[in-house]
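Hydrogens, waters and symmetry mates play no part in the numbers below; they use all other heavy atoms, side chains included. Bear in mind that the values here come from a model prediction, so they are computed numbers and not experimental data. Letters A, B, ... are given to chains in the order of the sequence lines, protein chains preceding strands, and every chain is numbered from 1.
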Amino acid sequence: MILHHIQSSPMQSSALKTCLRYIDPSDTILLSGNAVNCLLTQEWQQRLSPYKLMLLADDVIARGLQARLSAYKHIDYSDFVEQTLTHKKVISW
Amino acid sequence: MKKLCIVFRQGPHGTAQGREALDLALLSASFEQEVSLVFTDEGLLNLLNHQSPETIGAKDYIATFGALPLYDVDTILVCKDSMKELSLVEDDLKLAAEVCEPRMIASHFSQVDEVLVF
């Protein structure tokens, strides 16, 4: 069980795309920074639907996307720390 | 002794990522860590033959890949999908690397202690 941490939008880097090539169904994806923007698009809503997905709340609020991304799980920093401990390892792409 | 996997994801010379990744690999190996390398996407281009980075004044760290066996870095995995995407064949690469399926790389990620992506 690996936590994949993505901090850049697919429009600016292929990190998320590359991560999906090596991800296991039991893994979790944490989107922070500009990566949260990708869920505004249909393409990425579909591509990420099979996976456990979390968004860093502060980055969503900072970008004024709380309402648009309300369908997804938002976590705060202490949840983030907890997630890193419950997973075998974290890969920051 | 930690199992450390270093992932090369970006092409050489345009950014310092490739050189930094190789520096970390050799340094960690010299501190007795069990280092393995994974090359994916344009990261494969680090291993391409016949490069001449000095043409643009870039440091030729590519030659240093040859030192990997001396540091006992023997697990070198190259993503088969990326090979196809970039239409590369094994002869194009300067290292004897294991070309493998993404799911083999995924299982390697779960077996090592740390994965660092450059």
Practice task
Among A:Ile2, A:Asp24, A:Thr18, single out the residue with the greatest number of heavy-atom pairs under 4.5 Å to chain B.
Solution key: A:Thr18

Handout entry: Same apolar cluster: B:Ile76 and B:Met83, side chain cutoff 4.5 Å
Key = yes

Practice task
Tell me, with the steps shown, if B:Phe118 and B:Phe8 meet side-chain contact (heavy atoms from CB on, under 4.5 Å).
Solution key: CA-CA 5 Å; B:Phe118 284 79; B:Phe8 290 73; 5.8 Å; no

Fill in the blank from the handout: Comparing B:Val112, B:Asp113, B:Asp41 against chain A, the one with the most heavy-atom pairs below 4.5 Å turns out to be B:Asp41

Practice task
Go through the atoms of B:Arg9 and report whether side chain, backbone, both or neither lie under 4.5 Å from a heavy atom of chain A.
Solution key: side chain

Exercise for the section: List the steps, then state whether salt bridge (charged side-chain N to carboxylate O under 4.0 Å, His left out) holds for B:Lys2 with B:Glu114. Expected result: CA-CA 8 Å; B:Lys2 264 205 163 173; B:Glu114 295 291 336; 3.2 Å; yes

Problem - Spatial distance of atom CG (A:Leu16) from atom OG (A:Ser8) [nearest 0.5 Å] - result: 8.0 Å

